[in-house]
Amino acid sequence: MTAVAAPAAAGRSPARAALRRFRRHPAALVSLVFIALVVLAAIFARPLSGHDPNAIDLLNARSGPSGAHLLGTDSTGRDVLSRLLFAGRISLGVGIASAAIAVVVGTLLGSIAGLLGGWVDGLVMRLADVFMSFPSLVVIVVVAGILGPSVLTMVIAIGLFQWPVCGRIVRGVTLSLREQEFVLAARATGAGPLWLMRKHIIPAALPPVSVVATLAVAQAIALEATLSFLGLGVQPPAASWGNMLTDAQSLTVIRSEPWLWLSPGIAVALTVLAVNFIGDGLRDAVDPRSAS
């Protein structure tokens, strides 16, 4: 009887229950496959496209889709498909790096605020309020204008303006745990804040933080596209989905040369949508109130 009960208990483990709930979210599953394909396409951009993304061919400038150039060429004759695939590396990289900064900063500050409480908690939360009170896009535009547009500046600025959401969640988890008996016992035996964060706070906060991180990636990709479109993000000749959309500033291009802006626009829209769907699936998966 014990041998039969053990596998049954394992099947009801939180991890397997969460995986079952995620599998019941078809949009999240399809989105996960889509994002995996986008990542693979970005990694193997050169063999898939067969063209140098920065190779200029003025004789074939603004050519429509053809056998030689499946998505046409841009205003300097560069292959649009090649630039689209290589741009995925930068756009996805910016999204992931910005989300990583937001998660690391938010987790550290949120757990410190929750564990120490008092004036430290008040200071961290007021700092979060300050960051959340400013429109992030406007501030990032100003920062990029002062320091100069670059990928590093954009990643740091986006990440620093996304940390308050993660910080508030981790603080809430910390406040719910710090009065638990096992945490009080650990403190009584001399455990310090760093040990408690590593052993108890961060593992407990991982499920909700993973959801926040996923949504932060989507927001960062959209912000990168906006900043690059405005000329304050990724600078040519490097390609990103955002700076590929700069051609869409011309009504002539929008009407008569749609291949120049449709593909990067669709790439941004579908990627952000897919990442958001994955975040929805993770939220349902880690919610213990969801039906198993």
Side-chain angles (χ1 to χ4, degrees), residues 31 34-35 37-39 41-43 45 48-49 51-56 62 71-102 135-162 214-254 257-276:
S31 298
F34 174 78
I35 292 298
L37 293 176
V38 170
V39 171
I43 293 173
L48 285 175
S49 66
H51 293 276
D52 185 336
N54 297 320
I56 296 175
R62 299 184 183 275
L71 294 179
T73 60
D74 65 7
S75 57
T76 57
R78 296 173 296 189
D79 183 70
V80 172
L81 175 60
S82 177
R83 290 182 66 76
L84 182 75
L85 296 178
F86 277 89
R89 297 181 178 180
I90 293 181
S91 295
L92 291 173
V94 169
I96 294 171
S98 301
I101 291 175
S136 59
L137 179 59
V138 175
V139 177
I140 294 172
V141 167
V142 173
V143 171
I146 295 174
L147 300 179
S150 71
V151 174
L152 181 60
T153 300
M154 182 170 52
V155 167
I156 294 175
I158 294 174
L160 290 181
F161 270 92
Q162 288 181 326
T214 305
L215 301 178
V217 170
Q219 185 178 3
I221 291 174
L223 277 173
E224 180 278 320
T226 303
L227 291 167
S228 297
F229 177 78
L230 296 173
L232 295 170
V234 179
Q235 298 298 297
S240 79
W241 291 334
N243 66 19
M244 289 181 70
L245 285 169
T246 55
D247 287 327
Q249 295 180 16
S250 167
L251 288 176
T252 302
V253 170
I254 292 176
E257 299 170 354
W259 64 86
L260 293 178
W261 59 270
L262 268 179
S263 54
I266 291 173
V268 171
L270 290 182
T271 301
V272 171
L273 186 64
V275 174
N276 281 327

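All values below were derived from every heavy atom in this structure, side-chain atoms included, with hydrogens, water molecules and symmetry-related copies excluded.
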Item to check | H51 and L81: CA distance, side-chain angles, deciding distance, side chain to side chain contact (heavy atoms under 4.5 Å, CB included) verdict | outcome: CA-CA 9 Å; H51 293 276; L81 175 60; over 6 Å; no
Checklist entry - Between V80 and S263, does a side chain to side chain contact (heavy atoms under 4.5 Å, CB included) hold up when you go through it step by step? => result CA-CA 8 Å; V80 172; S263 54; 3.7 Å; yes
Next on the checklist: Assess the residue pair Q219 and V272 against the criterion (side chain to side chain contact (heavy atoms under 4.5 Å, CB included)); give the C-alpha distance rounded to whole Å, side-chain angles, the decisive distance to 0.1 Å, and a yes or no.
Outcome noted: CA-CA 7 Å; Q219 185 178 3; V272 171; over 6 Å; no
Item to check | Step-by-step side chain to side chain contact (heavy atoms under 4.5 Å, CB included) determination, R78 to T73 | outcome: CA-CA 5 Å; R78 296 173 296 189; T73 60; over 6 Å; no
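Here CZ of F161 is found 13.0 Å from CD1 of I101. Values are rounded to the nearest 0.5 Å. Rounding to the nearest 0.5 angstrom, the gap separating the CG atom in L245 from the CG atom in L230 is 11.0 Å. How far OG1 of T214 is from CG of N276: 9.5 Å, rounded to the nearest 0.5 Å. Note: I221 CD1 to I90 CD1 = 13.0 Å, rounded to the nearest 0.5 Å. Here the CG-CD distance, from N243 to E224, works out to 7.5 Å after rounding to the nearest 0.5 Å. The CD1 atom of I140 lies 9.0 Å from the CG atom of L160; values are rounded to the nearest 0.5 Å.
Listed here is the closest heavy atom pair of L71 and W259: O-CD1, 3.4 Å. The heavy-atom pair separating A45 from L85 by the smallest distance is CB-CB, 3.6 Å. Of all non-hydrogen atoms in S240 and S228, the two that sit nearest each other are OG-OG, 3.4 Å. Scanning both residues, G95 and A220, for their nearest heavy atoms gives CA-CB, 3.6 Å. Smallest separation of non-hydrogen atoms from W241 and S91: N-OG, 3.3 Å. G233 and M154 get closest at one heavy-atom pair: CA-SD, 3.8 Å.
Considering only heavy atoms from C-beta on, L227 comes within 4.5 Å of L137 through its side chain. Side-chain contact between P264 and L84 is present, with heavy atoms from C-beta onward closer than 4.5 Å. Side-chain contact between D74 and R62 is absent, with no heavy atoms from C-beta onward closer than 4.5 Å. Put simply, the side chain of T271 reaches to within 4.5 Å of the side chain of L92, judged on heavy atoms. Between R83 and N54, some side-chain heavy-atom pair lies under the 4.5 Å cut-off.
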